Amino acid sequence: QVQLVESGGGVVQAGGSLRLSCVASGGTFSRYVMGWFRQAPGKERELVAHISWQLASTYYAGSVKGRFTISRDNAKNTVYLQMNSLNPEDTAVYYCAADREYRVPMRPDYWGQGTQVTVSS
């Protein structure tokens, strides 16, 4: 069973940065498409970014393009989300996700427990 554990969330002022990390265990990490989703209060969960297993393909939601960067280190079974120029609209619970296939849109087979990101104005 694949387990995903996120870390790095917290409270930051608008304009600040955070880096989220997600460590995977129990599966062949290098073969999974990895992504980050987020869910704000009262809103549906949305895809923020994903990255293919060979780093050949990335996707970013329009609202974060140019501010967020997804990356992965297959040797460490870890995927990262570098978030810059944060604004209050980025406040949400951020979830790490893994998909065994490359599918558009991403349809995760596994989810992390989530980490809270709060951006104060």
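Values in this document were obtained by computation on a predicted structure and should not be read as measured data.
Considering all non-hydrogen atoms of both residues, A98 and M34 come closest at CB-SD, 3.6 Å. Smallest separation of non-hydrogen atoms from A14 and S121: CB-CA, 4.3 Å. V33 approaches R72 most closely through the heavy-atom pair CA-NH1, 4.2 Å. Closest of all the heavy-atom pairs between S17 and Q82 is CB-NE2, 3.9 Å.
The side chain to side chain donor-acceptor pair (under 3.5 Å) check on E89 picks up nothing, with sequence neighbours excluded. Partners of Y60 under the ring-ring contact (aromatic ring centres under 6.0 Å, His included) rule, at least two apart in sequence or in another chain, do not exist in this structure.
Proximity of a side-chain donor or acceptor of S57 to a complementary backbone N or O of S52 within less than 3.5 Å is not detected. Between the Q113 side chain and the V5 main chain, no donor and acceptor come within less than 3.5 Å of each other. Q13 places no side-chain N or O within 3.5 Å of a backbone atom of S120 that could act as its donor or acceptor partner. At least one donor-acceptor pair closer than 3.5 Å links the side chain of D99 to the backbone N or O of R107.
Just one of V64, V79, L20 meets the side-chain contact (heavy atoms from CB on, under 4.5 Å) condition when paired with I70; it is V79.
Y59 has its side chain out of reach of V104: every pair of non-hydrogen atoms, C-beta onward, lies at least 4.5 Å apart. For the pair N87 and R67, the minimum side-chain heavy-atom distance is below 4.5 Å. Contact check for Q116 versus T91: side-chain heavy atoms found under the 4.5 Å cut-off. Between Y95 and P108, the closest side-chain pair of non-hydrogen atoms is not below 4.5 Å. Between W36 and C96, some side-chain heavy-atom pair lies under the 4.5 Å cut-off. Residues V117 and R38 fail the side-chain proximity criterion, which asks for heavy atoms closer than 4.5 Å. Under the 4.5 Å side-chain criterion, counting only non-hydrogen atoms from C-beta, D73 is in contact with Y80. Y94 is listed as a side-chain neighbour of M83, based on a closest heavy-atom distance under 4.5 Å.
Atoms CG and OG, from L81 and S21 in turn, are 9.5 Å apart once rounded to the nearest 0.5 Å. In this structure, the separation between CG on D90 and OG1 on T118 is 11.0 Å, given to the nearest 0.5 Å. Summarising the geometry, atom CH2 belonging to W111 is positioned 11.5 Å from atom SG belonging to C22; distances are rounded to the nearest 0.5 Å.
Among pairs with a residue in residues 109-121, those fulfilling salt bridge (Lys or Arg N to Asp or Glu O under 4.0 Å) read R100-D109, R103-D109, at least two apart in sequence or across chains.
Follow the hydrophobic side-chain contacts under 4.5 Å out from F37 and you reach V93 in the same cluster.
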For this session: Could you please spell out the steps behind the side-chain contact (heavy atoms from CB on, under 4.5 Å) verdict for L18 and F68?
Result: CA-CA 10 Å; L18 283 175; F68 291 11; over 6 Å; no
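The aromatic rings of Y32 and Y110 sit tilted, their planes meeting at an angle between 30° and 60°.
Annotation: Q39, atom CD; neighbour count of heavy atoms from other residues, nucleotides and ligands within 6.0 Å is above 12.
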